[in-house]
Chemist: 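Handing you this structure, nothing more for now.
First listed ligand is number 1; within each ligand, the first listed atom is number 1. Because the structure is a prediction, the values reported are computed rather than measured.
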Amino acid sequence: MTEHLEINKGGKTDKYATLLPQIRSVVAGEPDLIARMANVCAMLHETFSWWWTGFYRVADDNELVLGPFQGPLACTRIRRGRGVCGTAWQSERTLVVPDVDRFPGHIACSAASRSEIVVPVRDASGRIIAVLDIDSTQPATFDDADREWLEKIVALLQ
Ligand code: SME
């Protein structure tokens with residue numbers, strides 16, 4: 001147990017554990033989804049200093065459209081089933097991609113991106129309304145722990 005705590009000291013588990021209640025209280029006071037998404041990606045991006053952190057919202061049955069984000073310019077529209085975002089939406093599950101060059105059809109909004117995670121965002125009825133897309137300039141940045149924490153965080157948007 002002590003060893004476990006030592007390993008995580010100052011690590012991402014501590015950061016997520018601190019962030020989760022902060023995000024919960026920030027979104028609790030605001031009913032507007034765009035405003036909630038804007039603060040969620042700002043808080044995540046500030047805490048972890050990733051390359052790009054943001055949301056793509058479901059525009060219609062076939063397309064995602066860029067939502068609130070932090071980081072450099074990004075593509076505005078992604079077709080269902082295209083890239084990591086469109087595939088996570090279609091398959092209705094979180095995708096952890098350790099090396100974007102090995103993901104067929106990856107959409108390179110930025111050549112600097114090396115790894116990414118995409119987490120579907122659901123409404124209270126379970127329908128996917130958006131995806132959270134996070135990109136890193138380092139390979140293999142994200143793992144199962146990120147998936148678990150980020151799934152808990154996007155559940156707060158319901
Ligand atoms: N990497 C994404 C595209 C969006 S940008 O990286 C911000 C994808 O392949 O779905």
Chemist: Using a heavy-atom cut-off of under 4.0 Å, does the side chain or the backbone of I107 touch ligand 1, or both, or neither?
Modeler: both
Chemist: Suppose we measure from atom 6 (O) of ligand 1 to each protein heavy atom; which comes out shortest, and what is that distance?
Modeler: D135 OD2, 2.6 Å
Chemist: For W52, take its heavy atoms, then give the atoms of ligand 1 lying under 4.0 Å from any of them.
Modeler: 7 (C)
Chemist: Does this structure show an ion pair linking R77 with E63, if we count only N-O contacts that are shorter than 4.0 Å?
Modeler: yes
Chemist: Considering non-hydrogen atoms of the protein only, which is the closest contact for atom 8 (C) of ligand 1, and what is the distance?
Modeler: V84 N, 3.3 Å
Chemist: Under 4.0 Å between a side-chain nitrogen and a carboxylate oxygen: does that hold for R80 and D60?
Modeler: no
Chemist: So, applying ring pair (Phe, Tyr, Trp, His ring centres under 6.0 Å) with F69, which one of W51, W50, W52 is it?
Modeler: W52
Chemist: Hey, does V100 have a side-chain heavy atom less than 4.5 Å from the side chain of R102?
Modeler: no
Chemist: List the closest protein heavy-atom neighbour of atom 5 (S) of ligand 1: residue, atom name, distance to the nearest 0.1 Å.
Modeler: C109 SG, 3.1 Å
Chemist: So for ligand 1, is C75 a polar contact partner (N or O within less than 3.5 Å, distance only)?
Modeler: no
Chemist: Using the benzene-type ring in the case of Trp, are the ring centres of W149 and F142 under 6.0 Å apart?
Modeler: no
Chemist: Below 4.0 angstrom, N of the basic side chain to O of the carboxylate: do R114 and D101 qualify?
Modeler: yes
Chemist: Numbering the atoms of ligand 1 from 1, which are under 4.0 Å from a heavy atom of G83?
Modeler: 9 (O), 10 (O)
Chemist: Which heavy atom of the protein is the closest neighbour of atom 4 (C) of ligand 1, given with residue, atom name and distance?
Modeler: D133 OD2, 3.2 Å
Chemist: Just to confirm my output: which protein heavy-atom neighbour is closest to atom 10 (O) of ligand 1, and how far is it?
Modeler: C85 N, 2.7 Å
Chemist: Would Y56 count as a contact residue for ligand 1, given that I'm defining contact as a non-hydrogen atom of the residue lying under 4.0 Å from a ligand atom?
Modeler: yes
Chemist: Find all atoms of ligand 1 within a distance of less than 4.0 Å from any non-hydrogen atom belonging to E116, and give their numbers and elements.
Modeler: 1 (N), 2 (C), 8 (C)
Chemist: Taking only Lys NZ, Arg NE, NH1 and NH2, and the carboxylate oxygens of Asp or Glu, determine whether E148 and K152 approach each other closer than 4.0 Å.
Modeler: no
Chemist: Would you say R82 has any N or O atom under 3.5 Å from an N or O of ligand 1, going by distance alone?
Modeler: no
Chemist: Going from CD1 on I129 to CG on L64, what distance comes out if it is rounded to the nearest 0.5 angstrom?
Modeler: 12.0 Å
